[in-house]
Amino acid sequence: MPSPEIRRLILTASAATIDRVLASTKQIGKQGRRRTSINTPLRKSIAVRTFADWNDPPPGFFEMDMVAHCGKSVGGSHVHSLVLTDIASAWTVAAAMLVREQTLVKVTVEDIRKQLPFPLLGLDVDNDGAFINETLVNYCKDQGIVLTRSRAYKKNDQAWIEQKNGSVVRRMVGYGRLEGNAAVAVLAELHKAARLYVNFFLPSFKLMSKSRDGAKVSKKYDKPATPYQRLLADGRIIEEQKNSRRETFARLDPILLLNRIREAQQRIAGIEVHGGPVEPVDLNQNLGNFVSNLGSAWKAGEVRSTHRKPNAEPRHWRTRADPFETTWPLIESWLNERPDANAKELSQHLQASGLGVQPGQLRTLQRRVKTWRTEIARRLVLGCDSAVVTIEAKKKRSHNSWGSAPNPGI
């Protein structure tokens, strides 16, 4: 037992003083937090590129990332979108993948490479294991592609692709969960139409410079232009490649592309709701109505099926027994006497009468009282004078009975 003097000193010491005295004792046998090392030899062999290291590269240097269509849970197998964005022109391409696997990433990159209007010169990826592996590293070496990576936990190093993940992929596909081959097939159709629509018809701003003066940040943007227009204006693209893009642009119809996007979105929304393949909707049969309604579509709310909640019938039944089914007539008589009484006072009054309320039932009583007051207010607004007379008469009736023991037979 410590002496009374030591006990007095301990009781009068502050918490900070006690922490300083016990600091060395707390470290005995204490192990640091174990953390998986990210500095593997393969990762170290890939050069790091930050957001400030691009220095106006020619078309062909892409940032690459993956978007998971997992809904609210990352568990299980779900579909992914592999997204590539060109730094110089903002040319964006997305492809659907059934699973997240390194060999499938390499095959998808090869398919995207064949569709590009210019050579693939470089890829900048994050530190995901689906990208940092020997399969993709060896593929880039064999094809002469410069592979770089961002810093760990620094998403701003891939600001271009992160922005396109939200403005293109998430806007088109939404946040629902997609699984299986049927979902991959429909998602591939959506990405195919969106690739043409976004790159040829959807203009965007591009950050040209950024300067900081103390706490003030000044940004300068280029005039809004489509990736197609930026490629035509870039002198580093050969004329043959520009002519090929001009021919493709001449064959495209933005209304038909938007129509295909809406159709794919409807099928994706159906897969999210029903969990299985959905028959395609032939919107081309009534293309005239589709075009005429574009100007007023905003009046009907969200036009993207992937962003609308299913029209489920609202639940109007109780899932549990009503705890106030037998006592509500008594509570309503008390409310008629004291309309300003709150649910907590009513609960205490019930307990005093031997009809106690469980702790978890107070919120239920509050909702019942709120519903009662809403109904009374509605009757008053509609001019039901009898309700007013009844309430006023009951308010004047024996106010002292509220404080005494209630009579359950009222």
Out of curiosity, Ile271 CD1 to Glu179 CD, how far, rounded to the nearest 0.5 Å?
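That separation rounds to 11.0 Å.
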Value rounded to 0.5 Å, distance of CG in Asn127 from CD1 in Ile132
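Here the interatomic distance stands at 5.5 Å.
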Is the Phe201 to Phe249 ring centre distance short of 6.0 Å?
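Judged by ring-centre distance (under 6.0 Å), Phe201 and Phe249 do meet the cut-off.
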Do Phe118 and Phe62 make the cut of ring centroids closer than 6.0 angstrom?
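Aromatic pair counts; centres sit under 6.0 Å.
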Go through Arg230 and Trp91 one step at a time and tell me if the side-chain contact (heavy atoms from CB on, under 4.5 Å) criterion holds.
CA-CA 9 Å; Arg230 290 195 176 98; Trp91 190 276; over 6 Å; no
Can a salt bridge be assigned to the pair [X] and [Y] using a cut-off of 4.0 Å between side-chain N and carboxylate O?
X: Arg151; Y: Asp157; value: yes
X: Asp340; Y: Arg338; value: yes
X: Glu375; Y: Arg378; value: yes
X: Lys192; Y: Glu189; value: no

What verdict does the salt bridge (Lys or Arg N to Asp or Glu O under 4.0 Å) test give for Asp56 and Arg236, after you've listed the backbone C-alpha separation in whole Å, the side-chain angles of each residue and the deciding distance to 0.1 Å?
CA-CA 12 Å; Asp56 192 21; Arg236 295 168 292 188; 3.6 Å; yes
Hydrogens and angles aside, do [X] and [Y] bring a side-chain donor and acceptor to less than 3.5 Å of each other?
X: Arg246; Y: Asn243; answer: yes
X: Arg368; Y: Thr371; answer: no
X: Ser150; Y: Asp126; answer: no

Are there over 12 heavy-atom neighbours, none belonging to Arg170, within less than 6.0 Å of that residue's CZ?
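Yes - once you tally the heavy atoms of other residues, nucleotides and ligands closer than 6.0 Å, there are more than 12.
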